[in-house]
There are 2 protein chains.
Amino acid sequence: MNIDTLHEQRLSLLRTSGNKITDARKTILNVLEGLKGHPTSAQIVEAVRQHDQRIGRASVFRTLDLFCQLGILRPIYHEGGGARYVLMPDGHHHHVVCLNCHCTIEFEDCALDGLAHELETRLKVQLLGHLLEFYGYCEQCSLLPNK
Amino acid sequence: MNIDTLHEQRLSLLRTSGNKITDARKTILNVLEGLKGHPTSAQIVEAVRQHDQRIGRASVFRTLDLFCQLGILRPIYHEGGGARYVLMPDGHHHHVVCLNCHCTIEFEDCALDGLAHELETRLKVQLLGHLLEFYGYCEQCSLLPNK
DNA sequence: CTCTGTGCAAAGGATTTGCACTACG
DNA sequence: CGTAGTGCAAATCCTTTGCACAGAG
């Protein structure tokens, strides 16, 4: 799937869900698409500010909440002050978190579609995506004593 | 696996990792084991307070961080002020979150052990557990318009 | 034209920190 | 006994809220 297509899809999801497409929201979406990894809200606010001085802090938070509600974004929490956010490129995201140094390693995996379908039937829910997080110790940290 | 055994395992993990077993930590562990679902830090602080008036707020936060580092507990973030915590009974936890009403549905699943082993080999990491979160709309919310 | 979204500034909380004291091992 | 852990209270910082104005549809 093409990046621009994804971008367009997200914008049209905004529209079809009854929300408006504003400059602030477009800018924030662009910023999110440009940031790598799992940025904190503070990093996002900062990046948005650099992009467009006029966008207020509050709007960033409101927009992040909106994106989360639409399933475009997921909040995660990795110790240390504040939520972090992950864009869900194709509705899913997978990573390994180190409990010691808190680094994250992303990986691809698509073994969960079957389970997703089963759950939709069994629990009568409608799923948009998933977030899979393994935790443990990364290569370096697993070599330390006490681990 | 027996509940008491799990409790003992957690305590001995504290000891073997070079931490001390104190009254405060024992109380907080008991409280966590007694709470259902995905309590917020505020709920945990409150529950601890009811259990033992003398335990300070800061100690609760420090202990939660410690438990997270040991892999006993995982922080998650579900919109709406503050982290939530999930005990990892056997090192894993799975749930579905509704993006609209924010309810959660827990389910059992053990299809990830194979993937965990593969990742351990491929990424050279040492895994303790995992958290799998599906998101979408629950039965009631998926029937609403705009969904 | 109407109603949703925005920016600002201030309020409100939750979490963290520093320090003297306690108690685990 | 020594060091890790604790409780308290204050400081800090993130997030939310209220309101008048702007702009999308």
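Every chain is numbered from 1, with letters handed out A, B, ... down the list of sequences. Please read all numbers here as calculations on a predicted model, not as lab measurements.
A donor-acceptor distance shorter than 3.5 angstrom exists from the side chain of A:R49 to the backbone of A:I55, with no hydrogens or angles considered. Checked by atom type and distance alone, the side chain of B:D90 never pairs as donor or acceptor with a backbone atom of B:H92 at under 3.5 Å. The closest donor-acceptor contact from the side chain of A:E120 to the backbone of A:L127 lies under 3.5 Å.
Base pairing in DNA chain D gives the following stems of 3 or more Watson-Crick or G-U pairs, range against range and under 3.5 Å: C:1-25 with D:1-25.
Taking every heavy atom of residues 57-64 of chain B and every atom of DNA chain C, pairs under 4.0 Å involve B:R57, B:A58, B:F61, B:R62, by number.
Distance, A:D52 CG to C:dG5 P: 18 Å, rounded to whole Å. For the pair A:R54 CZ and D:dA22 P, the interatomic distance rounds to 14 Å; values are reported in whole Å. Between the CD atom of B:Q43 and the P atom of C:dT15 there is a distance of 11 Å, given to the nearest Å.
Donor-acceptor pairing under 3.5 Å is lacking for the side chains of A:H94 and A:E106. Side-chain contact, B:H51 with B:E46: no donor N or O sits under 3.5 Å from an acceptor N or O. Side chain to side chain, B:H130 and A:E133 fail the donor-acceptor criterion of an N or O pair below 3.5 Å.
Side-chain atoms of B:L32 and B:L64, non-hydrogen and from C-beta on, do get closer than 4.5 Å to each other.
Geometric assessment of A:R74 against the ring of B:Y135 yields a positive cation-pi assignment under the 6.0 Å and 45° thresholds.
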Can A:H102 and A:H38 be said to form a ring-ring contact (aromatic ring centres under 6.0 Å, His included), step by step? CA-CA 12 Å; A:H102 305 110; A:H38 315 77; over 10 Å; no

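The A:S41 side chain lies nearest to D:dT15 when the options are D:dG7, D:dT15, D:dT6.
Smallest separation of non-hydrogen atoms from B:F67 and B:I28: CE1-CG2, 4.3 Å.
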What string of B, S and - do you get for nucleotides 20-25 of chain C, 5' to 3', when a contact is any protein heavy atom under 4.0 Å? ----BS

